[in-house]
Amino acid sequence: MAEEEVELEARLQEQESFDPPESFVEQANVSEPAIYEEFEENWPESWERAADLLDWYDDYDTVLDDSDAPFYKWFKEGTLNASHECLDRHLDDRGDEVAIEWVGELGETRTYTYAELHREVNEFAAALRELGVEEDDVVTMYMPMIPELPIAMLACARIGAPHSVVFAGFSADALATRMTSADSEYLVTCDGYYRRGDALEHKAKANEGLDGVDHDVTGIVVDRLGDEYDHPMRDDDHDYGDLVAAQAGAEVEPVERGAEDMLFLMYTSGTTGQPKGVKHTTGGYLSYVSWTSHAVLDVKPEDTYWCAADIGWITGHSYIVYGPLSLGTTSVMYEGTPDYPEKDRMWEIVEDYDVTQLYTAPTAIRAFMKWGKQYPEKRDLSSLRLLGTVGEPINPRAWKWYYKHIGGESCPIVDTWWQTETGGMMITTLPGIGTMKPGSAGPPLPGIGAEIVDTNGDEVGAGRAGYLTVDKPWPGMLRTLYKNDERFLSEYWEEYSDPDADEWVYFPEDGAKIDDDGYITVLGRVDDVINVSGHRLGTMEIESAIVGVEGVAEAAVVGGDHDLKGEAVYAYVITEDGYEGDADLEARIIEGVEDAIGPIARPEAVIFTPELPKTRSGKIMRRLLEDIANGDELGDTSTLRNPEVVEDIANKVGE
Ligand code: WT7
């Protein structure tokens, strides 16, 4: 390394706080520090700022109705349509500007202007109607990153049919569970897609999923692979291309939806084996993602903004589709992986399209770091103005690498903490205002109330770890779990609320600590959920897949530290009498997990053990299993019924 560079490296390593560059502040959408007080003093009316970013049909009469807390209602009586907000209202000024810049894995590209996207959304909305989809029918999408996915979402929004997108990497079983839970009678899917240059079949997996659904399902199939794959069509399936062609030029009036009407469902993992159907609404959610895209991602219509997530997760819903399109900007959508065909793929896209903002996950940044700075250095990244991260804690070293090698030390970084349930970002610095501290997400956004408390709900002092809680409602919040108000109350509100005093505190199930200056560092989940590459997986779901495998008596799954993925799945397994913990069983366990959930849940290690460490009351001590997975010193074993087993397992893992 040149001397200069060594010096720079050393300086960066020492530096603990970074101010946003002046050039950024000057042009930032939000740069007045007074915004925090404004929201505080004028709460909840201050949230009109978010609602004002939209073009409502009928005005709302109440900003927040908390009469039935925690079933809050935002912007009551207001009416709007998300497809109108994301398309129609931009047509006059920006009809010929690019809405979606799609980059396929094999290098092919597709560009949709707002006018073109509007046309195809209308045609597909007309087709959905003709197939019988009515307002409030849930339409499931099981699709990879192809333009037809956001088109289908917006077409549903147009006719008031909530969508439920299931990540394409999820298994057939996972699709079946979600369709059954949502009583969804329509499925939009595709024949297959490309990964690292290979065509991957998808339709057979979708069909297998449909075999597990009890009710009839009408299918719509996008032909992504062409002749490469002669996909199996069912009797109830229709070809997407034919449907849209039959509706050429059709126009569908956007349905006027109430602010509180459901825009979509998104299933996510929780403590129990059953995934939770998180319900988001039209008015609150849309204004919230629009506002946070404006204030945090600094999105402007003339930008070329890129969120490198998958639309199958909430990040893609909020910050590839609804947030950016509601603001009329250009949203980049990339089909493939960051290292195909070469490890500079991301930087090539930034260079080719003059990307202005990049929003990605720490797991990706750690991979970029490992590959080396020579890849970004080959490309011109000077178009970038802002960087963001989401999904898991980012370690200061990765933060600084991102800051220096991608941002060229001239882009603020927003480390955004939020969840599927929150709809949009909750804790982060505002890029035009806040000093950044690598590793710490920052203060709660204006109008958001976050506190770190102990098990009694009392605030803990600066520097001490506690539980993150949110003590004020916000427009983007989930309204309930689909058809399960009870679980909504018990999962999120029971822990710290005082219903008798009508005090409601939301518990996201994360641990965190707060500094003297109010900056929050999120430490990670405190429930039985693990975070693999920014994807949330329930240990119970994985365990029930494993015990379903022949020869397995009992299983315990924990998250262990992993350099690239953040956390990885460690499975401790007790075999049934007469079965060996051998390579064959291990392979079947891995297959069982992939079938039940998908390859993302694949165990990093399967450890066969004659016993699991249990307390006297029979509870598995997961903390010890985590220590073992991490090779850490073992915690207290004195409360165990069978302390001797811990050493045995640790020795096995060490082998
Ligand atoms: C969980 C939510 C937010 C969209 C993607 C994940 C963790 C998220 C951060 C961050 C530390 C983070 C939390 C949270 N998380 N962002 N910036 N710093 N942890 O959504 O699947 O609902 O997962 O991801 O543990 O609870 P999700």
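Counting starts at 1 for both ligands and their atoms, in listed order.
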Checklist entry - With backbone taken as N, CA, C and O and side chain as the heavy atoms from C-beta onward, which portion of Glu392 lies under 4.0 Å from ligand 1: side chain, backbone, both, or neither? => result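 Looking at Glu392 and ligand 1, just backbone atoms fall under 4.0 Å.
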
Checklist entry - Using a heavy-atom cut-off of under 4.0 Å, does the side chain or the backbone of Ile314 touch ligand 1, or both, or neither? => result side chain

Ligand-side contact atoms (ligand 1) for residue partner [X], heavy atom cut-off under 4.0 Å:
X      : value
Asn531 : 7 (C), 24 (O)
Thr315 : 4 (C), 5 (C)
Val522 : 11 (C), 19 (N)
Thr416 : 9 (C), 10 (C), 16 (N), 17 (N)
Val390 : 3 (C), 4 (C)

In the protein, which heavy atom is nearest to [atom], and how far is it?
atom                    : value
atom 13 (C) of ligand 1 : Asp510 OD2, 3.1 Å
atom 23 (O) of ligand 1 : Arg536 CD, 3.5 Å
atom 2 (C) of ligand 1  : Trp418 O, 3.7 Å
atom 6 (C) of ligand 1  : Gly534 O, 4.1 Å

Item to check | Pair Asp515 + Lys437: basic N to acidic O under 4.0 Å | outcome: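 A salt bridge is present here (some side-chain N lies under 4.0 Å from a carboxylate O).
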
Checklist entry - Less than 4.0 Å between a side-chain N and a carboxylate O, is that true for Glu392 and Arg366? => result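 Judged by the 4.0 Å cut-off on N to carboxylate O distance, Arg366 and Glu392 do form a salt bridge.
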
Checklist entry - Parallel under 30°, tilted from 30 to 60°, perpendicular over 60°: which one fits the rings of Phe167 and Trp313? => result tilted

Next on the checklist: Ignoring hydrogens, what is the shortest heavy-atom contact between Leu625 and Ile620? Give both atom names and the distance.
Outcome noted: CD1-CG2, 3.9 Å

Checklist entry - With respect to atom 7 (C) of ligand 1, which of Gly316, Gly391, Pro393, Ala309 exhibits the smallest heavy-atom separation? => result Gly391

Item to check | Closest candidate by heavy atom, reference atom 27 (P) of ligand 1, pool Thr420, Thr428, Thr268 | outcome: Thr420

Any donor-acceptor pair under 3.5 Å linking the side-chain atoms of [Y] with those of [X]?
X      : Y      : result
Asp595 : Ser171 : no
Arg345 : Tyr334 : yes
Tyr285 : Ser318 : yes

Checklist entry - Mind checking whether Trp313 has a heavy atom under 4.0 Å from ligand 1? => result no

Checklist entry - Would you call Ala441 a ligand 1 contact, heavy-atom distance under 4.0 Å? => result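 No.
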
Item to check | Min side-chain heavy-atom separation Glu495-Tyr467 under 4.5 Å | outcome: no

Item to check | Min side-chain heavy-atom separation Ile628-Tyr572 under 4.5 Å | outcome: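 SC-SC contact between Ile628 and Tyr572 confirmed.
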
Next on the checklist: Pairs of nitrogen or oxygen atoms closer than 3.5 Å, one from Glu421 and one from ligand 1: do any exist?
Outcome noted: no

Checklist entry - Do Arg178's NZ or CZ and the ring of Phe170 fall within the cation-pi criteria of under 6.0 Å and 45°? => result yes

